[in-house]
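Order of appearance sets the numbers: ligands from 1, and atoms from 1 within every ligand. As the structure is a computational prediction, the values presented were derived from the model and not from experiment.
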Amino acid sequence: MSVKIPTSVIQCLNYVNGNFQKASGPKIEVRSPYNGDLIGEVHATTAGEVDTAVKQAAKAQESWALLPIKERSKVMFLFRQILLRDVDEIAHLKSSESGKTFAEGKAGLLKGIEVLEYALSLQNMDVGGKMEVSRGVSCEYRREPLGVVAGITPFNFPAMVPLWTIPIALTLGNAYVWKPSEKTPLTSMKIADSLKEAGLPDGLFQVLHGGVETVEAIVDHPLVKAIGFVGSTRAARAVYERGTQKFKRVLALGGAKNHIVLLPDASPDLAGPGISDSFTGCAGQRCMAASVLLAVGDVTPHIQKIVEKARSLTLGKDMGAIITASQVEFLREAINQAEKEGAKILLDGRKTPPPAGLEKGNWIGPTIIDYVKPASAIAKVELFGPVLCIIRCEDISQAMTIENSIPYGNACSVFTANGGLAEKVISRASAGMVGVNVGVPVPREPFSFGGVNASKFGHGDITGAQSLDFWSNVKKVTIKWEKQEDSNWMS
Ligand code: NAD
């Protein structure tokens with residue numbers, strides 16, 4: 001299905017205390033990557049407006065925290081039903097602003113809903129622990145919300161990445177302040193609307209639009225106790241430093257440069273489409289996309305299959321658009337430079353024509369570059385586009401040395417038929433998420449999501465069991481009601 005692009009300009013508003021309202025900061029334009037058309041306008045939130053919204057959230061959180069988790073979960077259950085009911089509408093909206101295909105927009109939302117379902121399971125699963133530790137004395141764990149927490153999200157998953165944190169943080173009894181990407185703010189209104197319809201009390205979910213200054217005002221606000229950030233490494237580091245200097249809890253996920261190790265014994269039928277889909281899915285604009293193929297030995301049939309699959313994709317139908325025209329320019333320049341350095345272009349996306357009628361959009365086709373040198377810039381920097389560099393390696397050891405030399409650490413996969421060789425890659429990979437014969441090793445719930453090194457600042461993962469301790473405090477309570485006759489040191 002082709003993406004429905006808004007034909008009139010959507011006024012994208014903040015959502016504060018249950019009402020949509022315009023912020024008073026500078027205007028930011030939202031253009032569809034598909035055709036370059038102006039599809040939305042949004043205003044940045046000033047520090048004063050952040051202050052008002054955070055204070056209202058803190059007030060609303062006081063009564064929300066008093067509700068049992070089962071009551072809070074009822075709202076989240078309805079939220080899930082509404083998102084599923086409106087899945088197509090949301091998929092069209094998020095795809096039109098981010099450049100995804102409709103199928104990708106839908107898949108991202110469904111993955112976000114899976115995290116929401118994890119949050120729903122907490123009412124039955126996260127029951128804490130209690131034990132009689134001595135005669136007449138018990139110890140127990142009690143999970144308590146933090147108060148107001150914040151989420152700052154990137155352009156590439158306008159619904160999925162926010163859904164990594166919103167349902168868990170709210171279910172645990174917090175109020176949530178969200179600053180969506182200024183490049184893809186439109187989807188946020190639909191999410192706010194859905195939470196309102198689900199019955200979430202006003203003030204608990206505040207959406208504040210804007211750029212860096214709005215982020216800084218949120219991070220600096222004394223009532224914001226924890227910040228979950230997802231975006232580039234540069235911004236993740238800045239937010240982590242700023243927040244932790246103020247002694248806040250910060251988990252900041254950054255950029256990536258992901259490798260796939262391809263061994264000659266791998267099935268070409270698994271490797272071909274698996275690797276092609278990894279670097280072309282979401283037009284390469286996902287932090288788990290393959291960027292470098294470490295080709296060990298003779299893998300000619302596999303590479304042929306990768307090229308074949310990537311060549312078969314139709315722009316605008318099977319592969320979406322790039323977020324901005326300047327990002328297309330950046331990708332073109334990176335490919336030009338690699339070519340100048342002597343690399344061989346196996347598939348040249350610079351020459352792929354844009355889809356008919358969408359000539360003003362931001363397009364580049366799948367590109368595969370062979371014989372890239374490990375030291376060249378294209379092998380090291382995050383590209384965030386549908387470009388696969390192939391580095392030829394003599395053995396696994398050389399491949400892993402290259403993989404280990406990159407500061408990022410999100411994903412690494414190996415394609416092989418040999419379990420022992422796969423284990424070698426798993427144990428040596430400097431990545432938080434590793435795949436075997438899987439091109440995009442995103443763990444499914446309840447397994448958590450998170451990288452290492454320059455792909456993540458802070459401890460723990462953003463989803464799954466570890467995220468619970470990020471969005472809450474665990475109080476340890478020791479209780480004694482009566483003096484016991486046969487007492488020991490504890491009693
Ligand atoms: P970005 O860093 O430009 O923006 C992300 C968010 O941070 C936005 O809301 C933006 O307003 C804000 N921001 C930007 N610069 C900032 C600064 N200096 N200080 C404070 N806030 C700032 O990222 P993007 O272009 O929207 O998204 C693409 C990047 O996100 C890629 O690097 C990609 O790898 C990364 N990403 C990582 C993950 C992950 O799980 N590790 C997931 C998705 C995307």
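Residue contacts with ligand 1: Ser181 is included, with a non-hydrogen atom under 4.0 Å away. For Phe157, the heavy-atom gap to ligand 1 stays at 4.0 angstrom or more. Taking 4.0 Å as the cut-off, Trp178 does not count as a neighbour of ligand 1 on heavy-atom distance. Within the structure, ligand 1 has Arg234 among the residues with a heavy atom less than 4.0 angstrom away. The shell of residues lying under 4.0 angstrom from ligand 1, judged by heavy atoms, excludes Arg286.
At a cut-off of 3.5 Å, with distance as the only test, a side-chain donor of Arg350 or Asn336 sits close to an acceptor on the other residue. There is a side-chain donor-acceptor pair under 3.5 Å between Glu49 and Ser24.
Partners of Tyr34 according to the ring-ring contact (aromatic ring centres under 6.0 Å, His included) rule, which considers only residues two or more places apart in sequence or in another chain, are Trp363.
Where the criterion is an N or O separation shorter than 3.5 Å, residue side chain and backbone included, Phe155 meets it with respect to ligand 1. Ligand 1 has a nitrogen or oxygen under 3.5 angstrom from a nitrogen or oxygen of Gly254.
Below 30°, between 30° and 60°, or above 60°: for Phe384 and Phe155 the angle between ring planes is above 60°, a perpendicular geometry.
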N/O donor-acceptor pairs under 3.5 Å from side chains in residues 249-256, not counting sequence neighbours:
residue, atom, partner, partner atom, Å
Arg249, NH1, Asp469, O, 2.9
Arg249, NH1, Phe470, O, 2.9
Arg249, NH1, Ser472, O, 2.9
Arg249, NH2, Asn473, OD1, 2.6

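Of the protein's heavy atoms, Gly231 O, 3.1 Å lies nearest to atom 35 (C) of ligand 1. With hydrogens left out, the protein atom closest to atom 10 (C) of ligand 1 is Glu182 OE1, 3.5 Å, a heavy atom. Looking at atom 40 (O) of ligand 1, its nearest protein heavy atom turns out to be Phe449 CE2, 3.1 Å.
Of the possible polar contacts, none joining the Thr171 side chain to the Ile168 backbone as a donor-acceptor pair under 3.5 Å is found.
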Using side chain to side chain donor-acceptor pair (under 3.5 Å), reason through Asn35 and Asp37 one step at a time and then give a plain yes or no. CA-CA 5 Å; Asn35 57 10; Asp37 280 0; 3.1 Å; yes
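Comparing Cys287, Ala44, Pro185 against atom 39 (C) of ligand 1, the shortest heavy-atom distance belongs to Cys287.
For ligand 1, the atoms sitting less than 4.0 Å from at least one non-hydrogen atom of Thr153 are 5 (C), 6 (C), 8 (C), 9 (O), numbered in the order shown with element in parentheses. Taking a cut-off of under 4.0 Å to the non-hydrogen atoms of Val215, the atoms of ligand 1 that pass are 20 (C), 21 (N).
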